[in-house]
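As structure tokens, the structure follows; a few thoughts come after it.
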Amino acid sequence: MLLAQHILNGLLAGSYYLLIALGLSLIFSLGGIVNLAHGAFYAIGAYLAITIGQRLGFTAAVFMAPVAVGVLGVVVERLLLRRFYKADPALSLLLTFGLAMVIEQVLRMIYGAPPLSWAIPQELRGQFVVGDFFYPRYRAMLMAVAVLCVAGLWVLLQRTPFGRVVRAGVQNPDMVGALGISLEPYMATIAFLGIGLAGLAGVMLAPIFAVHPAMGGEIITAAFVVVVIGGLGSFWGVVIAAVIVGVTKGVVTAAGYPQYSEAAIYLLMLLVLLVRPRGLLGERIVRFE
Amino acid sequence: MSDRKGISRRTVVKAALASAATGITGFPFISYGQSDVIRIGHLTPRTGFLGPLGEFAVQAADMAVAEINAAGGVNGRKIELLKEDSVNPQTATTKAERMIERDKVACIVGEISSASGLAIGQVAERTRTLFINTGCNSDQLRGKSCNKYMFHIESQNSMYVKTCGRALLAQGLVKGKKWFSLTADYAFGHDLLRVAKKFMAGNGGEFAADKLVPTDVTDFSPLLLEIRNAKPDLVISNLAGNQITNFLKQYTEFGLTFPVAGFGFDTAVAWAAGKGNFLGTWPLVWHHLINTPASQKFVADFRKRYNRPPENQAWGDYNAMKLIAQAMAESRSIDSTKLVEHMDKGAKFPLMKTRDGYFRKSDHQMMHEMYTVQALPAAQIKNEWDIFTPSAAVPGANESLEVIATQGDEIECKMS
């Protein structure tokens, strides 16, 4: 029973790395940009959750904050990212790294350096207890939200005309261009979705993690591990990687080494990269070879 | 990559501007006058996981200097504060050396990280410059690593443990009880764990479990599941900074009901956990609810200036500046060796508490009162700051201030 709890708990961590990782992967596969500022948008989501939540309540914050972060993502895409789609990847790495630092400092200037307090709303508190099995209700809800988002994104990409163009653009942007379809407006939507998902992760996790300006750095590394294990640009690769990472964390913890559960996922990444450098389901990335 | 070979005029201009810019940032104080001001260096972490506390430290030091200068300065000279982010031990060393050798500061004040504090202490000893540590807790800094020029207004880990320990003994949570302890896996945590273990064993407690937690861990859920299974009598935190905030938020989320206490704490951590999440029994070197006229005036002035109450780190840096000014005035000197002599003679300093404090000669630890606070139930909380009950000072009025500090052979300091 303890093992089940730990695995469930690992899967929850995995599902939030996944929300961040999917956005990273989408923006990379369509635009060729590794967005190091993704964690900073997660932090903005958490801060907006508090700003909005204090005035309009938790539910309003859950719906409004991710949209606001997504809109901010579109602005960043239109003003900055789109200038770097065809450029050397090193340039966009520098750009987004710088952007992450700017956002962190702006948050510090507006909200101050000490963490802000924010709690789970009263109606979502409590735990499920079935015999020996025990799990907080809020975490169960977090898991449901993450699963819904992944399912929604999958439907959008697989079952809609929009998704068809995006998938075609990922596979062969030149051919899409030759067919007379401009990918630029699609990129704006992808930025909205990808960055909005990071914002959503921030909103959902704000009640259970310290909300401070540098919080983005705490989640982005693990999200990158998920993307790298899954393979940059692969939807299912990233999803599978998130599950594997989650189960690994759970099993290592259940074996009695919770303090090594974080280290275990890096070891996992190392092993995957040794055997399969492009990740589980990753495309060969011509521009990096 | 580039096929351009010649250097364009624009490149030359850019390079010139760039070198000018580094020149400006590298030598910020070169144009100031030399002799009519007393310079004091302030070094503390302003970024990273201790950055939130550093922000309070800097604001409080600024406020103290503004007050001292408004009152006419020290011996007729104004104080000029040079402030830098100490970042890490290497950078702290470099910046301390630069402040002392180039900027000729009279002394250095600040620091929160025990590792950086050790580095600055070594520079202070080598250059014979006074250093007042305002935020590093490790016993080792006052023990094996002590030196003649380093003084500690911040309490040592032993004082924190013995202060909170008294409250735990009073609540019957030590003798024959099982503790589940979580410790930050770096120098500060290890030092604190060593002292905590000694206290626990000495008073008849034992560990249900004793876990080291890497400083970058944010998700405590695996440990919370273990705690739930272990059913300890008390959960002990030897964690630091944001770790405590994360731990408290998730402890509440998991709805665990075992009593919680900690041996290292800062008010900012309690505020960050906030109403509905903050719980337990914690030691503090000072807090904003202490009911002395000086403390309440400090709180009111700080709130007026910065729009929030000061926390314990603000107390440390504010009082360090004030006591240096007092020592300089009393000894009529800004020479570090003279100041050390003056403080070694047992000079008394008002620290906004009920009793004056003094630096113990044997290890330069400030002897002063400490406090234990108890989280208020959510229903009794009236605002975002006053979320714990104020407590009586420890030790009590009829005891020596030294009873909570290291004793006898616990004092490992040998000063040359």
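Note on naming: letters A, B, ... go to the chains in the order of the sequence lines (proteins, then strands), and numbering restarts at 1 for each one. These numbers come from the heavy atoms of this one structure, side chains and all, not from hydrogens, waters or symmetry mates. The structure presented is a predicted model; accordingly, all values stated were derived computationally and were not measured.
- Ring-centre distance between B:Trp286 and B:Tyr318: not below the 6.0 Å cut-off.
- Heavy-atom pairs under 4.5 Å with chain B were tallied for A:Pro136, A:Ser261, A:Gly112, A:Ala254; the largest tally goes to A:Pro136.
- Between chain B and the residues A:Glu262, A:Gln5, A:His6, the largest count of heavy-atom pairs under 4.5 Å involves A:His6.
- In this structure, the portion of B:Glu55 lying under 4.5 Å from any heavy atom of chain A is its side chain and not its backbone.
- Among B:Gly274, B:Ala268, B:Ser221, the residue making the largest number of heavy-atom pairs under 4.5 Å with chain A is B:Ser221.
- Proximity to chain A (any heavy atom under 4.5 Å) is restricted, for B:Asn229, to the side chain, taken from C-beta onward.
- Here B:Thr218 is the residue among B:Val269, B:Thr245, B:Thr218 with the most heavy-atom pairs under 4.5 Å with chain A.
- Side chain to side chain, A:Asn35 and A:Thr96 fail the donor-acceptor criterion of an N or O pair below 3.5 Å.
- Heavy atoms closer than 4.5 Å to chain A are found in the side chain of B:Arg228, but not in its backbone.
- Proximity to chain B is absent for every atom of A:Ala222, based on heavy atoms less than 4.5 angstrom apart.
- Formation of a donor-acceptor pair under 3.5 Å by the B:Asn238 side chain with backbone atoms of B:Gly189 is not found in this model.
- The part of A:His212 that comes within reach of chain B is its side chain, from C-beta onward, which places non-hydrogen atoms under 4.5 angstrom from that chain.
- Using a 30° and 60° split on the angle between ring planes, A:Tyr138 and A:Phe58 fall in the perpendicular class, above 60°.
- Relative ring orientation between B:Tyr251 and B:Phe247 is described as tilted, the plane-to-plane angle lying within the 30° to 60° band.
- Contact of B:Phe56 with chain A is made through the side chain alone, with heavy-atom distances under 4.5 Å.
- B:Lys249 contributes no side-chain N or O that, together with a main-chain N or O of B:Asn277, makes up a donor-acceptor pair within less than 3.5 Å.
- Only the side chain of A:Gln127 comes within contact range of chain B, judged by heavy atoms closer than 4.5 Å.
- With a threshold of 4.5 angstrom between heavy atoms, A:Ala214 does not approach chain B through any atom at all.
- Listed options A:Pro213, A:Ala119, A:Gly10 were ranked by heavy-atom pairs under 4.5 angstrom with chain B; first place goes to A:Ala119.
- In this structure, the ring of B:Phe302 has its center no less than 6.0 angstrom from the ring center of B:His288.
- Top candidate by heavy-atom pairs under 4.5 Å with chain A, chosen from B:Glu226, B:Gln243, B:Glu253, is B:Glu253.
- With a 4.5 angstrom heavy-atom cutoff, A:Ile208 touches chain B via backbone and side-chain atoms both.
- What you find for B:Gln313 and B:Leu53 is that their closest heavy atoms are CG-O, 3.5 Å.
- Between A:Ser92 and A:Val34, the closest side-chain pair of non-hydrogen atoms is not below 4.5 Å.
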TODO: May I have the step-by-step check of side-chain contact (heavy atoms from CB on, under 4.5 Å) for A:Arg139 and A:Leu8, ending in yes or no?
DONE: CA-CA 10 Å; A:Arg139 276 183 200 237; A:Leu8 190 64; over 6 Å; no
